[in-house]
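In what follows, a single structure is set out as structure tokens and then discussed.
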Amino acid sequence: MLSLFTQAQLNPSKIAIIDSSGAYTFQDLSALSDRVAFYLLQGKTDLNQARVAFMVSPGIDYTSVQWGIWKAGGIAVPLCITYPLPSLSYVIEDTQAEIVIAGPEYEVILKDYAMEKKIHWLTLEKLKKPVSPGSLPEITNDRGAMILYTSGTTSLPKGVLTTHANIESQVSTLIQAWEWSNKDYTLCLLPLHHVHGIINVMSCALWAGATVHFLHPFDAKQVFDLFLEGKINVFMAVPTIYFKLISEFESRSESERNELHESMKRFRLMVSGSAALPVSVMESWQKISGHYLLERYGMTEIGMAISNPYDGERRAGYIGKLLSGVLARLVDEQNQELSTGQPGEIQIKGPSVFKEYWGKPEATVKSFTSDGWFKTGDIAVIEDGYYRILGRDSVDIIKSGGYKISALEIEEVLRKHPLIKDCGVVGVPDEEWGELVVAAIIPLGEIETKSLNQWMREQMPAYKTPRKYLILEELPRNAMGKVVKNDLKKLFA
Ligand code: MLC
Ligand code: AMP
């Protein structure tokens, strides 16, 4: 049995999940996920790593489907609930998903597509019907467990395949480092198609026997209402969320602020990650909550690798020190290890590092050195034993709202528009979002940015679409004809 499921036996009557439909014990979660597994297995003894894509809202349904897929021996492929069909079908086709599960809100987006492609179509409603129990397969740790999509320096997102052993390593490292226990109670407001929400919040909490309260969609006011109830003691978010909470806090009366301050002061732990935490946000948050945020660094391919200490000095502007079990080195462009104090690319080894990019053997080989180090593409320096991120080696990777976004992916979509001759996409600094996605376009005729924006939102999720368009006659290029992205960025200043 996977270690993640042990709490269901150790603490069956403890509340595991709270969502808008109610409160569920570990026993409930176990029984509901067994039912999903039995349903998926009908007529089979093991899904044998078949990919099961699911579009389900955060909460008990999401978790019981995820656990059910694992119990039946499948690979879980969570679909982003704000994706339009072209982004969803890319993931479903790229993973060659055999089964698609949809919650009631998402049936309308996926049903016709699944029928047309003859993919086994299951609704949550169906999965909730009684089914005769059978036996569940033995799941070994080396099996594939999950595929999450991440954008990179190729135009199309890549599926990151992690095994159960990878997930166990990612989770157990954090449980130990941040002292998770069954006394904890956390709020999950992050999307559940990325590691931050899935691993750091949901899986760590459930593994430790803690309670997860799901809030969806994110709403700063509701977050504070929940804080005031006094049960939540562990909170994790991306810098944009802290920024939004600070704005909400500042809009409150003095007595409300005092009340909120008192409730937050009682938290055990508050963590920020997925993007650089501006020192200004950290300082404001400390004033309003009494907490010096713990900043940490990770990536879909490696889970969390570097973290400020739970006990000990947390440094603003630094991502901290290596987590236990993680090996890292900084290297120059020739992959030569650098001595301390010199900036270089972070490369990582260890049991939490993913298995492969799904169906992309060449990309997998390219992302590792010949001696097995994973190349993160992040440039850092070590100062007094603490890592500090300096930037990325690719200008085409943008981090906005904690989401990793590929400029090349957006350019590819923009170029499909009949009125666009050429374009260049960059990320420009933004206090709230970290970076804002912006696009320069060379139109073929009269183009209205309002309708272009609407068209883009039908092709890709809102969080990837450009926030600003600049119409140019030509793009800044170097002598070789290559677009100079840093010059392009200056045009948006
Ligand atoms: C959305 N909007 C944006 C935007 N995203 N504007 C600028 N830049 C962006 N990136 C716009 C929307 O289009 C919308 O405008 C308005 O903002 C509100 O959108 P929303 O989607 O409703 O936003 P909100 O709910 O406020 O969400 C903000 C957020 C969300 C911060 C909660 O972005 C989020 O959940 N981010 C977390 C991502 C995450 O989990 N990353 C971890 C990856 S794993 P309009 O015009 O449509 O009304 C990883 C590894 C690691 O990185 O280390 O953790
Ligand atoms: P993703 O591919 O979505 O998993 O995003 C991983 C990337 O997020 C890393 O490669 C970093 O560039 C960035 N990242 C994560 N945590 C931090 C942090 N604390 N500071 C700066 N960048 C971060």
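First listed ligand is number 1; within each ligand, the first listed atom is number 1. Residues: numbered from 1 along the sequence shown.
Residue contacts with ligand 2: H196 is excluded, as none of its non-hydrogen atoms falls under 4.0 Å. Residue contacts with ligand 1 include P191, since one or more of its heavy atoms lies under 4.0 Å from the ligand. Look at K244 and you'll find a heavy atom under 4.0 Å from some atom of ligand 1. Residue E432 places no heavy atom under 4.0 Å from ligand 1. In this structure, K399 has a heavy atom closer than 4.0 Å to ligand 2.
For atom 48 (O) of ligand 1, the nearest protein heavy atom is 4.0 Å or more away. By the definition of a contact as any protein heavy atom under 4.0 Å away, atom 22 (O) of ligand 1 is not in contact. There is a protein heavy atom closer than 4.0 angstrom to atom 38 (C) of ligand 1. Per-atom contact check: atom 6 (N) of ligand 1 touches the protein, criterion being a heavy-atom distance below 4.0 Å.
Under a 4.0 Å criterion applied to the non-hydrogen atoms of M304, ligand 1 contributes the atoms 51 (C), 53 (O), 54 (O). Close approach of ligand 1 to V195 (heavy-atom distance below 4.0 Å) involves ligand atoms 44 (S), 50 (C).
Between the choices E301, R467, H216, the shortest heavy-atom distance to atom 2 (N) of ligand 1 belongs to R467. With Y297, F218, Y463, Y403 as candidates, the residue nearest to atom 30 (C) of ligand 1 on a non-hydrogen basis is Y403.
With respect to E248 and R252, a salt bridge is recorded, a charged nitrogen being found less than 4.0 Å from a carboxylate O.
Scanning the protein heavy atoms around atom 53 (O) of ligand 1, the nearest turns out to be R296 NH1, 2.7 Å.
For R457, every heavy-atom contact with ligand 1 shorter than 4.0 Å involves the side chain, none the backbone. Contacts with ligand 2 closer than 4.0 Å are made by side-chain heavy atoms of E295 only, the backbone lying farther away.
Any N or O atom pair closer than 3.5 Å counts here, and G298 shares at least one such pair with ligand 1. Taking only nitrogen or oxygen atoms, main chain and side chain alike, G401 reaches within less than 3.5 Å of ligand 1.
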Side-chain donor/acceptor pairs under 3.5 Å, residues 144-151, sequence neighbours excluded:
{"residue": "Y149", "atom": "OH", "partner": "D94", "partner atom": "OD2", "Å": "2.6"}
{"residue": "S151", "atom": "OG", "partner": "E409", "partner atom": "OE1", "Å": "3.4"}

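A donor-acceptor contact closer than 3.5 angstrom links the side chains of N166 and T163.
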